[in-house]
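A quick note: this is a predicted structure, and the numbers were derived from the prediction, not measured.
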Amino acid sequence: MSCRYQHMSYDVPLFKVLTCSFCYVYMFKPEATQLRFDFTRAGPVLKAGPEGNFKYSYPPGSVYMADLDNSSMVTQICEPLSESECEKWTTCCQTATKCCLRQQNLPTASQNWSHCPRTWDGFGCFDDTSAGSTAYISCPSYVEHASDQETAYKVCWPNGTWYVHPHTGKQWSNYSTCVHGKVKDQMVLIYLGLGCNLISLSLLIPSCAIFLAFRQLRIQQRVRLHICFFSSFIASAIIAILWDFIVVSDRMNSPGDESAVQQNTGGCKFLYVLKRYTQSATYFWMFCEGFYLHRLIVRAFEIPKSLIIYYFIGIGGPWISTIVYAIIKASVSEYDQKCWVNNINGFEWLIYTPNLLCLFANVFFLGNILYILLTQLQSHPNEPSGYRRAIKATFVLIPLFGIQWGPVIYRPANTMWYEVLRIVIQHTQGAFVSLIFCIFNGEVHGHLKNCFSRISGRPLYRPRRELSTTSGTVYTQVRTSTAVDFNRDSYVRDSFNRDSYVRDSFNRDSLHKDDPVSNGKAETVPLNSNESSFSGDKQENGFLMESELK
């Protein structure tokens, strides 16, 4: 019994060694490995040449027979290779053997049928194919950058022979389709990530600038947490853009050994560590936001004295797991390859576990917050706006707590839709939180309007006067403070300001009892019935002052 390889048929034992030798030759370029194919009296072998600057070095003059049945020989050949590279090579050898055994069991083709004979081409298994047609196979997993969803093909000429490449004079199969499809998909993902990151940066950077520009905002603890949270998204977006265009794009467009991944430089490793750190930092700051809000609601009258513990968790927490992960990568030669992008199996959970714990903790926080809200609403069953506020709070808290990560926690293999969904969720979260907690924030709008009024010397708008008639007397209510007048929805819209939450959710009746009193001063000024307007247009910070009323 024999099996066909290229132009000739070989006995099964010889076929197995020959095809396994060429799997090595085809997978590792001559400039990267010291081994060369040679055919001796003992059969096909891989022989190590003189010493040189090779990525995969062997003792000069050593000879290896690529026989998978000889475990010691396989171990020696795989010694300079990484675990994944050795696995790919042995998988190619095993696939060739399976091809041989399967084709032996196929019925013999009719002599009257003009066809190209079944064969193993070095990477794939092609069966008998009619003359003038094309045979297709799924792309092998051991081909670099190949996608198993694409197909390779081999052309059978009308004369019943396989296509021969004009430059090499050997039978040739087209595997470029395996790579081009994946490269195209990868470039689509790169530019999708770029677009999402740029949108987030265009919103996050102005939001941080606004928070820092107004002292009334930056002295608030919740705003300080927002600044740190937004900063983690900014750092993550910048590092992601650098990684995609310096490393990933380079790997797709450069020859294998010339790419930054294959060169395995220190700068590439450092960028990878920053990428893992910034990604983890966003999870830790999500936890800090959730923990802070949950603590304020559960302990409504206990204001945290300091945010040091939050800074330690958000900044120092990710470094602990990332540094341990980097030390393992650097200390094990098997892992210290390809810019550290290779998966290191169980050690990956050093990064995944803290991130998942942060998400699970925020799920608990969200559930408890909603429980407290709904419990308070039971005392006012006829207040439909309360239920609307509870629903509104749920949707607002989802991007803040990272609950949207739920659909992409599990990663299926080789699915384009998952990668698209993951990139959109990951790189637009910063945009959503900046819109909700800064761009659309009523408190921020109030400070911006006040700032415009001071700069321009004229009010951006006139305050609305609320008129009511009681016993023939008209009362005009005017605020005496420059602070923004929060309504009951400000808990959701204004990033859950503690004071408004306590006042509106736990002591709603005080809205009627204490209004209109602010800072201990009456906010109503009685006017005669014939006084229908204020004299003068002077304003301070966009609000009319009591001293300016006549």
Side-chain angles (χ1 to χ4, degrees), residues 5 13 15-38 43-49 51-101 120-125 138-148 175 178-179 182 251 255-257 259 261-264 268-269 272 328-348 413-414:
Y5 173 65
F15 174 88
K16 292 170 64 177
V17 177
L18 181 66
T19 54
C20 194
S21 299
F22 275 101
C23 279
Y24 184 95
V25 172
Y26 291 151
M27 293 181 68
F28 307 105
K29 296 182 179 181
E31 59 269 20
T33 180
Q34 199 173 347
L35 295 184
R36 299 291 184 270
F37 177 79
D38 193 10
V45 296
L46 295 172
K47 185 176 181 180
E51 290 185 355
N53 187 21
F54 296 104
K55 181 179 180 180
Y56 311 111
S57 299
Y58 299 86
S62 56
V63 178
Y64 306 95
M65 182 170 288
D67 184 5
L68 291 188
D69 296 331
N70 189 337
S71 58
S72 62
M73 193 66 67
V74 173
T75 301
Q76 295 179 47
I77 295 175
C78 286
E79 185 175 358
L81 307 178
S82 67
E83 182 179 354
S84 61
E85 290 170 337
C86 180
E87 182 180 358
K88 287 183 178 181
W89 170 62
T90 55
T91 301
C92 179
C93 299
Q94 293 168 356
T95 305
T97 301
K98 292 177 181 179
C99 175
C100 174
L101 298 177
W120 169 264
D121 71 340
F123 269 157
C125 187
S138 298
C139 294
S141 60
Y142 41 81
V143 175
E144 188 73 13
H145 303 313
S147 171
D148 57 3
Y175 288 90
C178 299
V179 179
K182 190 169 184 178
R251 186 183 183 187
D257 295 331
S259 65
V261 171
Q262 293 295 339
Q263 291 177 1
N264 198 33
C268 183
K269 297 176 187 177
Y272 179 79
I328 295 174
K329 284 269 193 178
S331 58
V332 181
S333 59
E334 179 183 342
Y335 303 148
D336 189 18
Q337 299 179 12
K338 292 188 175 181
C339 199
W340 293 0
V341 297
N342 287 337
N343 188 292
I344 57 175
N345 303 321
F347 291 112
E348 294 292 331
N414 299 320

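Across all their heavy atoms, Cys93 and Leu68 have their closest contact at CB-CD1, 3.4 Å. When all heavy atoms are compared, the tightest approach of Ala66 to Trp89 is CB-CZ2, 3.9 Å. Heavy-atom minimum distance, Arg36 versus Thr33: NH1-O, 2.7 Å. Closest of all the heavy-atom pairs between Pro80 and Ser57 is CG-O, 3.4 Å. A pairwise comparison of heavy atoms in Ile328 and Ile344 identifies CG2-CD1, 4.4 Å as the closest pair. The minimum heavy-atom distance between Cys100 and Phe15, with the atom names listed, is CB-CE2, 3.4 Å.
Considering only residues two or more places apart in sequence or on other chains, Ser62 meets the side chain to side chain contact (heavy atoms under 4.5 Å, CB included) condition with Ala48, Tyr58, Pro59, Tyr64. Under the ring-ring contact (aromatic ring centres under 6.0 Å, His included) criterion, Tyr175 pairs with Phe123, not counting sequence neighbours.
For the cysteine pair Cys20 and Cys92, the distance separating the two SG atoms is not below 2.5 Å. Between Cys178 and Cys139, the two SG sulfurs come within 2.5 Å of each other, short of that mark.
With Ser21 as reference, Val17 is the one residue of Leu18, Thr19, Val17, Val25 to meet the side-chain contact (heavy atoms from CB on, under 4.5 Å) rule.
Annotation: the span from Ile77 atom CD1 to Tyr24 atom OH amounts to 7.5 Å, rounded to 0.5 Å. For the atom pair Lys329 NZ and Gln337 CD, the distance stands at 10.0 Å (nearest 0.5 Å). Between Leu35 atom CG and Lys47 atom NZ the span is 11.5 Å, to the nearest 0.5 Å. Of the inter-residue distances, the one linking Cys23 atom SG with Gln94 atom CD reads 10.0 Å to the nearest 0.5 angstrom.
When side chains are defined from C-beta on, Glu348 counts as touching Asn343, because their heavy atoms get closer than 4.5 Å.
Residue pairs meeting the side chain to side chain donor-acceptor pair (under 3.5 Å) criterion with at least one member in residues 75-86, sequence neighbours excluded, are Tyr56-Glu85, Ser82-Ser84, Ser82-Glu85.
Looking at Asp38, its side chain never comes within 3.5 Å of a backbone N or O of Leu46 through a donor-acceptor pair. Judged purely by atom type and a 3.5 angstrom limit, Asn342 has no side-chain atom pairing as donor or acceptor with the backbone of Tyr335.
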Inset, instruction - With side-chain contact (heavy atoms from CB on, under 4.5 Å) as the test, would you mind laying out the steps for Leu81 and Lys88 before giving the verdict? - result: CA-CA 10 Å; Leu81 307 178; Lys88 287 183 178 181; over 6 Å; no
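Under the 30°/60° scheme for interplanar angles, the aromatic rings of Tyr5 and Phe22 are found to be tilted.
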